[in-house]
Amino acid sequence: MTDSAAMQANLLAEALPYMQAYENKTVVVKYGGHAMGDQTLGRAFARDIALLKQSGINPIVVHGGGPQIGAMLAKMGIESRFEGGLRVTDQRTVEIVEMVLAGSINKEIVALINAEGEWAIGLCGKDGNMVFAEKAKKTYVDPDSRIERVLDLGFVGEPVEVDRTLLDLLARSEMIPVIAPVAPGRDGATYNINADTFAGAIAGAVQAARCLFLTDVPGVLDRDGQLIKELSVAQARALIADGTISGGMIPKVETCIEAIERGVQGVVILNGKVLHAVLLELLTEHGAGTLIVP
Ligand SMILES: Nc1ncnc2c1ncn2[C@@H]1O[C@H](COP(=O)(O)OP(=O)(O)O)[C@@H](O)[C@H]1O
Ligand SMILES: CC(=O)N[C@@H](CCC(=O)OP(=O)(O)O)C(=O)O
């Protein structure tokens with residue numbers, strides 16, 4: 001046996017018990033816009049997803065694309081504005097969000113997975129009546145008057161209904177769903193949904209065995225910048241309360257907590273900029289990021 005063949009055999013032997021543990025289980029992978037790097041990274045991500053399917057695991061990809069939406073808006077002369085980590089989305093903006101998310105980014109990921117010999121299918125919340133959203137109800141406390149005010153974020157939505165019929169059908173097929181976080185409202189509007197929130201709702205609806213959030217940091221870091229390998233829901237809440245977890249990591253960890261409360265068995269935040277992060281997390285003993293457990 002050559003060295004390389006021996007190495008592959010060793011890797012396979014290490015991965016086998018994990019593959020068996022996840023067999024026929026659903027793993028939701030949230031692929032964040034910041035985690036989408038160059039072609040090499042994109043191909044490695046697609047290969048990981050293809051390998052999961054080939055191993056009898058049922059992957060569902062939910063993707064973001066915040067930086068890519070920002071770049072397209074800038075090209076059209078529209079400035080991006082965020083409130084509490086959410087993009088303020090007027091009618092013109094939601095049209096561009098849908099174009100970028102459900103159009104170019106979605107099809108790019110589908111093509112990458114298909115190039116690995118699999119059958120990916122690009123969807124958004126509108127397809128198969130999968131997700132219905134309502135206008136997000138966010139409030140803030142006015143620092144001068146201390147009065148609680150409602151934030152009007154325009155067409156920013158929260159998923160309120162998830163129908164898993166189409167996802168169940170795809171799970172039994174050769175298809176890998178790749179889903180953009182855009183959904184209709186019962187009011188006929190199109191809503192822009194934060195991709196973490198959307199992935200958490202999908203993971204809860206399908207009772208996923210794992211939900212992975214690929215971002216551009218190694219996971220949740222402690223005050224000294226060291227990776228925390230495992231966190232309980234109570235510990236995660238304490239880190240938000242004492243300010244160790246801040247900025248964009250707050251809604252991400254809150255989404256993880258909600259997903260666990262909805263029955264997802266384990267949620268992981270990890271660095272998508274590491275080659276084969278998904279396989280390293282799921283199929284090796286040490287994992288790759290921060291595992292949040294009940
Ligand atoms: N304790 C923490 N551990 C890790 N990242 C943190 C922490 N507190 C704040 N952050 C910030 O959260 C960011 C990740 O959130 P965000 O940028 O919204 O991710 P994404 O765009 O990939 O969804 C990190 O880049 C980091 O700046
Ligand atoms: C309401 C809201 O903020 N929606 C996000 C949707 C994309 C997203 O969340 O992408 P990332 O995961 O790459 O950040 C946005 O418009 O940027």
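Every number for a ligand or one of its atoms is a count from 1 in the order of the listing.
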> What I want to check is whether the side chains of Thr93 and Arg87 have a donor and an acceptor closer together than 3.5 Å.
no

> For atom 22 (O) of ligand 1, is there a protein heavy atom at a distance under 4.0 Å?
yes

> Which residue owns the protein heavy atom closest to atom 9 (O) of ligand 2, what's the atom, and how far is it?
Ala195 N, 2.9 Å

> Judged by non-hydrogen atoms, does Lys30 sit under 4.0 Å from ligand 2?
yes

> Judged by atom type as modelled, is there a donor-acceptor pair below 3.5 Å linking the side chain of Asn106 to the main-chain atoms of Val178?
yes

> So that I can tick it off, tell me whether Lys252 and Asp196 are bridged by a salt bridge, with the cut-off set at under 4.0 angstrom between side-chain N and carboxylate O.
yes

> Would you say the side-chain atoms of Lys126 and Thr190 include a donor-acceptor pair closer than 3.5 Å?
yes

> What pair of heavy atoms forms the shortest contact from Met249 to Gly219, and how long is it?
CE-O, 3.9 Å

> Against heavy atoms of Gly219, which atoms of ligand 1 measure under 4.0 Å?
3 (N), 4 (C)

> Could you tell me whether Arg186 and Glu134 have a side-chain N and a carboxylate O separated by less than 4.0 Å?
no

> Who's the nearest protein heavy-atom neighbour of atom 16 (O) of ligand 2, and how far?
Arg87 NE, 2.7 Å

> Name the closest protein heavy atom to atom 5 (C) of ligand 2, giving the residue it belongs to and the distance to 0.1 Å.
Asn192 OD1, 3.7 Å

> Heavy atom under 4.0 Å from ligand 1: found in Thr215's side chain, backbone, both, or neither?
both

> Looking at Glu254 and Arg237, does any basic side-chain N land under 4.0 Å from a carboxylate oxygen?
no

> Select one of side chain, backbone, both or neither to describe which atoms of His34 lie under 4.0 Å from any atom of ligand 1, heavy atoms only.
side chain

> Which is it for Ile193 and ligand 2 at heavy atoms under 4.0 Å: side chain, backbone, both or neither?
backbone

> Polar-atom distance check: Gly65 versus ligand 2, any N or O pair below 3.5 Å?
yes

> Which atoms of ligand 1 have any heavy atom of Gly248 under 4.0 Å away?
15 (O), 18 (O)

> Could you check whether Arg47 pairs with Glu118 (Lys NZ or Arg NE/NH1/NH2 to Asp/Glu carboxylate O, under 4.0 Å)?
no

> Would you check whether Ala35 reaches within less than 4.0 Å of ligand 1, judged by its heavy atoms?
no

> Short N/O distance, under 3.5 Å, between Gly33 and ligand 2?
yes

